[in-house]
Visitor: 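Structure incoming, see below.
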Amino acid sequence: MRIPIQEVTPETGQAEVIGWVHEVRDLGGLTFFLIRDRTGILQVTVPKKKVSAEVLSAIKETSRESIVRVSGVVKAIDKAPGGRELVPDTFELVCRCASPLPLDVVEKVPADLDTRLDARFLDARRPRVTAVFQVRSQATKAVCDYLFSRGFLTITTPKVVAAATEGGTELFPIAYFEKEAFLNQSPQLYKQMMMGAGFEKVFEIGPIFRAEEHNTTKHLNEATSIDVEVSFADHHEVMRLLEDLVVHVYRSVQETCAGPLDALEIRELAIPEAPFDRLPYADAIGIAAKATGEPIQYGDDIGTVAEKAIGEHMGAHYFITDWPTAIKPYYAMPYEDDPSVCKAFDLMHPRMELSSGSQRVHQHDLLVHQIQSKGLSPESFAFYLTPFLYGMPPHAGWGLGAERLIMTMLGLGNIREAVLFPRDRHRLTP
Ligand code: AMO
């Protein structure tokens, strides 16, 4: 029976392994194969004079990255990976790999990101790439564990929708029979409606679609959002939830991902400390103006250059709070004593924004007014507005970008590194 390579030791005796041929070295009388599975690498040593004719003919046919099934006796040997080698009685070529390879899996020949993404199935055989997705998997589990342990329900909301959520310009229209339809930009409206249903604490980890034209290292056209909504909570409460969650995810990855972190050459994650600083928008633009010498008007968006300057000044995770109502979506709650400012926040990593959230407007008439004042038509939001007429609790929530969380945690240079099959301006396959 096949055993995982990691479990092969000099004490194993007879063993059978199946894996990819990582490397082949032919020294005439001896051929060395390194066989790889997802758990590790094993040296298979073939003394040509001592093996059967079947073994000899199989090894002749075997190219790099082919899959082979090998069985034989395991022996201790100092120089081999893991201090052991296997001398095969049987050597079966299970699936021959074509050559040349579109990508060098052992990374002796460097490849640019586009070439890697075009051959993602091969790229992902590299331990450093596998490691990113092992960390991402663990981070997803940590998010779910954390939220389930606090009584959250996970929900699934439609991705084919009839209205824009976050603004009309970044929508992907789709053909949906005779109706106008779009890919959803955010579960925002649906998670809020479930507050009206009395679910109280919900989360969803799912795709969001943004038709952003620009091709940057931190934007995708299909991203994954970790969305949370909480009833009877204000913005302060969900900011505390968000910072605690982020710290929990970092700790969990640090504690359980020793192998992947090692493959990524990360000795220790920079685990952020909660509470994160709360920086009001008005102060944030002051810092940016001072650092860049470029004046920013109150009410301007914080662009990439300003964001970078503020990040360098802050040096750790922080929140930007108290945003001008005019530049946040209609669902963000204005302060009662100064409606020009709202109870919205962004969670920032020094490199970029990770999350946006707010306390929401839960009063029907105020919500209609805010939709109108953004130049939108309340009629197209009728399905969303109706629940606000029938007992909507005060509520708050946020959306956290999963890829940006992983990218900043692992210091990846490009958000595409954190996605198996990224969708961007030019990339629709694989
Ligand atoms: P926002 O539009 O700020 O807020 O999105 C929330 C978070 O999702 C991630 N994100 C992206 N990541 C990669 N590529 C993109 N194109 C992209 N767009 C967004 C970011 C961002 O901070 N409904 C609100 C959330 C809420 O208030 O609950 C919303 O969607 O990390």
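Order of listing sets the numbers, starting from 1, for every ligand and every atom in it. Below, all heavy atoms of this structure are taken into account, side chains as well, without hydrogens, waters or symmetry copies. Given the structure is predicted, the values throughout are model-derived calculations rather than measurements.
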Visitor: Please could you name the atoms of ligand 1 that Gly357 approaches to less than 4.0 Å, counting only its heavy atoms?
Guide: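 Reading through ligand 1 atom by atom, the close ones are 27 (O).
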
Visitor: Using 30° and 60° as the class boundaries, would you call the ring planes of His219 and His214 parallel, tilted or perpendicular?
Guide: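 Geometry flag for His214 against His219: perpendicular rings.
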
Visitor: Is Ile208 close to ligand 1, meaning an N/O of one under 3.5 Å from an N/O of the other?
Guide: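 No, no N or O pair falls under 3.5 Å.
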
Visitor: Distance under 4.0 Å to a non-hydrogen atom of Lys191: what atoms of ligand 1 satisfy this?
Guide: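 Here the atoms of ligand 1 in question are 26 (C), 28 (O).
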
Visitor: What protein heavy atom is closest to atom 4 (O) of ligand 1, reported as residue, atom name and distance in Å?
Guide: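 Protein heavy atom at minimum distance: Ser356 CB, 3.7 Å.
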
Visitor: Check whether any N or O atom of Ile415, backbone or side chain, sits under 3.5 Å from an N or O atom of ligand 1, and answer yes or no.
Guide: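 No, no N or O pair falls under 3.5 Å.
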
Visitor: Under 6.0 Å from the NZ atom of Lys141, do we count more than 12 heavy atoms belonging to anything else shown?
Guide: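 Not more than 12 within 6.0 Å, no.
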
Visitor: Can you tell me the protein heavy atom closest to atom 31 (O) of ligand 1 and the distance?
Guide: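 The answer is Leu354 O, 2.8 Å.
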
Visitor: Who gets closest to atom 27 (O) of ligand 1 by heavy atom: Arg423, Arg360, Met348?
Guide: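 Closest candidate by heavy-atom distance is Arg360.
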
Visitor: Which residue and atom name correspond to the protein heavy atom nearest atom 24 (C) of ligand 1, and how close is it?
Guide: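 In this structure, atom 24 (C) of ligand 1 has Tyr331 OH, 3.3 Å as its nearest protein heavy atom.
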
Visitor: Answer yes or no: is there an ion pair linking Lys343 with Glu336, defined by an N-O contact shorter than 4.0 Å?
Guide: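 Yes, charged N to carboxylate O under 4.0 Å.
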
Visitor: Please confirm whether the ring centroid of Tyr146 lies under 6.0 Å from the ring centroid of Phe152.
Guide: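 Centroid separation for Tyr146 and Phe152: 6.0 Å or greater.
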
Visitor: Go through ligand 1 atom by atom and flag the ones less than 4.0 Å from a non-hydrogen atom of Ser186.
Guide: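 Selected atoms, number and element: 23 (N), 30 (O).
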
Visitor: Closest approach of Arg84 and Pro81, non-hydrogen atoms and distance?
Guide: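 Nearest pair, atom of Arg84 first, then Pro81: NH1-O, 2.9 Å.
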
Visitor: So, is Ser355 polar-close to ligand 1, with some N/O to N/O distance under 3.5 Å?
Guide: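 For ligand 1, there is an N or O atom that lies under 3.5 Å from one belonging to Ser355.
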
Visitor: State, to 0.1 Å, how close Val249 and Met409 come at their nearest heavy-atom pair, and which atoms those are.
Guide: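 Looking at all heavy atoms of both residues, the shortest contact is CG1-CE, 3.8 Å.
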
Visitor: Relative to the ring of Tyr250, is the ring of His317 parallel (under 30°), tilted (30 to 60°) or perpendicular (over 60°)?
Guide: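 Perpendicular, since the angle between the ring planes exceeds 60°.
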
Visitor: Check for me whether the distance between the ring centres of Phe209 and Phe182 falls short of 6.0 Å.
Guide: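 Judged by ring-centre distance (under 6.0 Å), Phe209 and Phe182 do not meet the cut-off.
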
Visitor: Which protein heavy atom lies closest to atom 17 (C) of ligand 1, and at what distance to 0.1 Å?
Guide: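 Scanning the protein heavy atoms, the shortest distance from atom 17 (C) of ligand 1 goes to Glu212 OE2, 4.2 Å.
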
Visitor: How far is atom 7 (C) of ligand 1 from its nearest protein heavy atom, and which residue and atom name does that atom have?
Guide: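 Nearest protein contact, heavy atoms only, for atom 7 (C) of ligand 1 is Gly399 O, 3.6 Å.
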
Visitor: Charged N to carboxylate O below 4.0 Å: is that the case for Glu307 and Lys218?
Guide: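 A salt bridge is present here (some side-chain N lies under 4.0 Å from a carboxylate O).
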
Visitor: Relative to atom 9 (C) of ligand 1, which among Gly401, Pro422, Ser225 owns the nearest non-hydrogen atom?
Guide: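 It is Gly401 whose heavy atom sits nearest to atom 9 (C) of ligand 1.
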
Visitor: Considering both backbone and side-chain atoms of Ser358, is one of its nitrogen or oxygen atoms within less than 3.5 Å of a nitrogen or oxygen in ligand 1?
Guide: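 In this structure, Ser358 places no N or O atom under 3.5 Å from an N or O of ligand 1.
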
Visitor: Regarding ligand 1, does Gln185 bring an N or O atom to under 3.5 Å of one of the ligand's N or O atoms?
Guide: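 No; every N/O pair is 3.5 Å or more apart.
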
Visitor: Does Lys218 approach ligand 1 within less than 4.0 angstrom via side chain, backbone, both or neither, non-hydrogen atoms only?
Guide: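 For Lys218, the contact with ligand 1 is made by the backbone alone.
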
Visitor: What is the ring orientation for Phe388 with His395, classed by angle as parallel under 30°, tilted 30 to 60°, or perpendicular over 60°?
Guide: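 Ring orientation of Phe388 relative to His395: tilted.
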
Visitor: Which of the numbered atoms in ligand 1 are below 4.0 angstrom from a heavy atom of Glu353?
Guide: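 Ligand 1 atoms under the 4.0 Å threshold to Glu353: 3 (O), 21 (C), 22 (O), 31 (O).
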
Visitor: Is the charged tip of Arg423 near the ring of Phe421: under 6.0 Å from the six-membered ring centre and within 45° of its axis?
Guide: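 Cation-pi check for Arg423 and Phe421: fails.
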
Visitor: Atom 15 (C) of ligand 1: which protein heavy atom is closest, and how many Å away?
Guide: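 For this ligand atom, the closest protein heavy atom is Leu220 O, 3.5 Å.
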
Visitor: Should Arg128 and Glu417 count as an ion pair when the cut-off is N to O under 4.0 Å?
Guide: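 Not counted as a salt bridge, because no side-chain N and carboxylate O are separated by less than 4.0 Å.
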
Visitor: Taking only Lys NZ, Arg NE, NH1 and NH2, and the carboxylate oxygens of Asp or Glu, determine whether Arg36 and Glu65 approach each other closer than 4.0 Å.
Guide: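 Result for this pair is yes, salt bridge flagged.
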
Visitor: With respect to His219, determine whether any N or O atom, backbone or side chain, lies less than 3.5 Å from an N or O atom of ligand 1.
Guide: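 Between His219 and ligand 1, no N or O pair is found under 3.5 Å apart.
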
Visitor: Say whether Leu400, considering both its backbone and side-chain N or O atoms, lies within less than 3.5 Å of an N or O atom on ligand 1.
Guide: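 Not met; the criterion fails.
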
Visitor: For Trp398, counting its heavy atoms only, list the atoms of ligand 1 lying under 4.0 Å from any of them.
Guide: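 Near Trp398, the atoms of ligand 1 are 26 (C), 28 (O).
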
Visitor: Given Gln192, Arg210, Gln188, Glu403, which has its nearest heavy atom closest to atom 1 (P) of ligand 1?
Guide: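 When every heavy atom of Gln192, Arg210, Gln188, Glu403 is considered, Arg210 comes closest to atom 1 (P) of ligand 1.
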
